[in-house]
Number of protein chains: 2
Amino acid sequence: MVTKGRYHHGDLHSALLDAAEALVRERGADGWSLREASARVGVSPSASYHHFASRDTLVRALSERTLAWLGERLRQECERAPGRRNDPQQRLIALGRGYVNWALEDPAVARLVLRGGATGPHSSIPTHPHDVLTAELDRLAEAGGLPALARPGAEFVLWAAIHGLAVLLTDGLIHIDGSRAVDVQTERVVRAALNGLAQETSPAAGWPAAHSAHTERLARHRSSQSTPEVDENH
Amino acid sequence: MVTKGRYHHGDLHSALLDAAEALVRERGADGWSLREASARVGVSPSASYHHFASRDTLVRALSERTLAWLGERLRQECERAPGRRNDPQQRLIALGRGYVNWALEDPAVARLVLRGGATGPHSSIPTHPHDVLTAELDRLAEAGGLPALARPGAEFVLWAAIHGLAVLLTDGLIHIDGSRAVDVQTERVVRAALNGLAQETSPAAGWPAAHSAHTERLARHRSSQSTPEVDENH
DNA sequence: CAGGAATCTCAACACTGTTCAGATTGGACT
DNA sequence: AGTCCAATCTGAACAGTGTTGAGATTCCTG
């Protein structure tokens, strides 16, 4: 830290993110304040308003940083998946485990991040977990493990299953003893979703309109570079 | 309302719950205050502390009331499910639709309630949605639509799928245009989970330890009547 | 009709997010 | 080198929050 006694902090932006993350871990997703995070960094409360427009903006920035990190971790865990020739199904199981295990390892942060806070239409997260999931699903489809008709929208049933399990766990609505049992149950959920998808038979028209807020963001971001940054203040 | 000008309100308890619920709808899950709710009811802020130990207690009470109501509604929707002879699979699809549709009709309240707020070990909700779900799953199992080995824990994969979809929608991480498309996607998620469960093959030992916080509560409540009420104040 | 228990008010506490005028600094330009 | 501007941070303030405790008001029981 180059923080000692200087008037200008150096990198207050990420220092505040770090402090907030630590506080979330110590006191829970909502048991902390902007003032506290500022004090911990050794700076006046109003200083943070030159880096984040509001407390909410800080939370969103932390969420985005965390999601990008998580996405990268998930990608790596897919790579390390067992099975002959990188079985795409095993990769997806590894992804699900990574998601759920992270939520249990870092429950307070996960509660804050996964809740999404109305996730306004802003910022493109480098490797969003959702993107990793769709990529892996594509891989499975190409390997012939998925009926073609299942593809548009299949991501949602898998994501709902994994995300649902993670959220039920971090919110304390479900409890599973032992990390081994968690892995088993997670694998079960992913397998069920994939099996269910593989068995889909009727086209069941009507879901071309479904899309994630993230894909929406990406599309908007690609089509217009001119979108002004919302993070401005003053 | 018998509220006019009286010093004693009459039924401040549920009046506060109603006001809070309305405020959540107007200003979002977190955009309201205890003071505001009290003022709306026409009472001083401190009056509410004779009925709820804290703001958090109010939130929990509202959650429980809502979950009980939702559970009842889901039960009814299962009854009205289409299909010959009350097909248990159709009943579960109806349940899933009820859950997701409610979340979309009342998104702010759903965000508050589904988040669960660490759902401490207290209070037994009359007809918790989770109980309705397991009951319907039992019905399906008895009808032979589920391999016996799938039963312990099967509730979690289905609940995760439904709850996950509902939460992704209310948190704005996914967006689906049109209530018809929502129904289709919900049915898809439920069907996938059920198909997946029906295809389960290996015993995959290790999940007898899994149980919901609610079942836990019920068990504790049945075994000891002596548990003191936590809702006390002073 | 008395009196205790329940209910509500008032005033205050420590704390929050947020704003704004002014002090302090680093870096770019002459 | 020195000047000056923009970026950065401070200090003090504002309205609003959850929560508490002492005291007023009312209801209900005996």
Side-chain angles (χ1 to χ4, degrees), chain A residues 1-20 23-24 26-63 112 117-118 120 229-234, chain B residues 1-20 23-24 26-63 112 117-118 120 229-234:
Chain A
M1 292 291 176
V2 218
T3 267
K4 288 200 104 179
R6 322 239 269 124
Y7 193 98
H8 284 36
H9 179 278
D11 191 6
L12 188 54
H13 188 91
S14 55
L16 280 172
L17 287 177
D18 293 342
L23 279 172
V24 167
E26 295 172 25
R27 305 216 218 305
D30 297 315
W32 59 282
S33 62
L34 229 197
R35 293 177 108 103
E36 211 172 352
S38 308
R40 179 165 296 203
V41 175
V43 109
S44 106
S46 40
S48 43
Y49 285 85
H50 291 259
H51 300 267
F52 304 97
S54 69
R55 188 204 131 115
D56 215 66
T57 312
L58 210 201
V59 170
R60 283 219 262 273
L62 179 55
S63 293
L112 188 73
E229 276 303 315
V230 208
D231 219 349
E232 287 302 329
N233 37 357
H234 279 337
Chain B
M1 294 290 174
V2 221
T3 269
K4 290 199 100 176
R6 324 237 270 121
Y7 193 96
H8 283 36
H9 179 278
D11 191 7
L12 188 54
H13 188 92
S14 55
L16 279 173
L17 288 177
D18 293 342
L23 278 172
V24 167
E26 294 173 26
R27 307 218 217 304
D30 297 315
W32 59 282
S33 62
L34 229 197
R35 294 178 107 105
E36 211 172 354
S38 308
R40 181 166 294 201
V41 175
V43 106
S44 105
S46 41
S48 42
Y49 284 85
H50 291 259
H51 299 265
F52 304 98
S54 70
R55 188 204 131 116
D56 214 66
T57 312
L58 209 201
V59 169
R60 283 218 262 272
L62 178 56
S63 292
L112 189 74
E229 277 302 316
V230 206
D231 219 349
E232 287 301 328
N233 35 359
H234 278 337

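Just so we're on the same page: letters track the sequence lines, and every chain starts at 1.
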Check your understanding: Which nucleotide in the list D:dC9, D:dG21, D:dG11 gets nearest to the side chain of A:Ser46?
Key ->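 Of all the options, the side chain of A:Ser46 is nearest to D:dG11.
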Quick one: list whatever passes side chain to side chain contact (heavy atoms under 4.5 Å, CB included) with [X], sequence neighbours left out.
X       : value
B:Ser54 : B:Asp56, B:Thr57
A:Glu36 : A:Leu23, A:Arg27, A:Trp32, A:Ser33
B:Ser38 : B:Leu16, B:Leu34, B:Val43, B:Ser48

Review point. What pairs with B:Asp11 under salt bridge (Lys or Arg N to Asp or Glu O under 4.0 Å), at least two apart in sequence or on another chain?
Key: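 Salt bridge (Lys or Arg N to Asp or Glu O under 4.0 Å) list for B:Asp11, sorted by chain: empty.
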Check your understanding: Can you name the residues that form a side-chain hydrogen bond (donor to acceptor under 3.5 Å, both in side chains) with B:Arg35, not counting sequence neighbours?
Key ->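 With neighbours one apart ignored, the set is empty.
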Take the protein atom [atom1] of [X] and the nucleotide atom [atom2] of [N], then report the distance between them rounded to whole Å.
X       : N      : atom1 : atom2 : answer
A:His50 : C:dT19 : NE2   : P     : 11 Å
B:His51 : C:dT7  : NE2   : P     : 6 Å
A:Arg27 : C:dC15 : CZ    : P     : 12 Å
B:Asp30 : C:dT16 : CG    : C1'   : 15 Å

Review point. Nearest nucleotide by nearest heavy atom, which residue falls closer to the 5' end of DNA chain D, A:Gly42 or B:Pro45?
Key: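 Upstream on the strand: A:Gly42.
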Anything under 3.5 Å between a protein N or O and an N or O of nucleotides 16-18 of chain D, put it in a table, one pair a line.
residue, atom, partner, partner atom, Å
D:dT17, OP1, B:Ser33, OG, 2.9
D:dG18, OP1, B:Leu34, N, 2.8
D:dG18, OP1, B:Arg55, NH1, 3.4
D:dG18, OP2, B:Leu34, N, 3.2
D:dG18, OP2, B:Arg35, N, 3.2
D:dG18, N7, B:Arg35, NH1, 2.4
D:dG18, O6, B:Arg35, NH1, 2.9

Practice item. Compare every heavy atom of B:Leu17 with every heavy atom of B:Leu62, then report the nearest pair and how far apart it is. Key: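 That closest heavy-atom pairing would be N-CD2, 3.7 Å.
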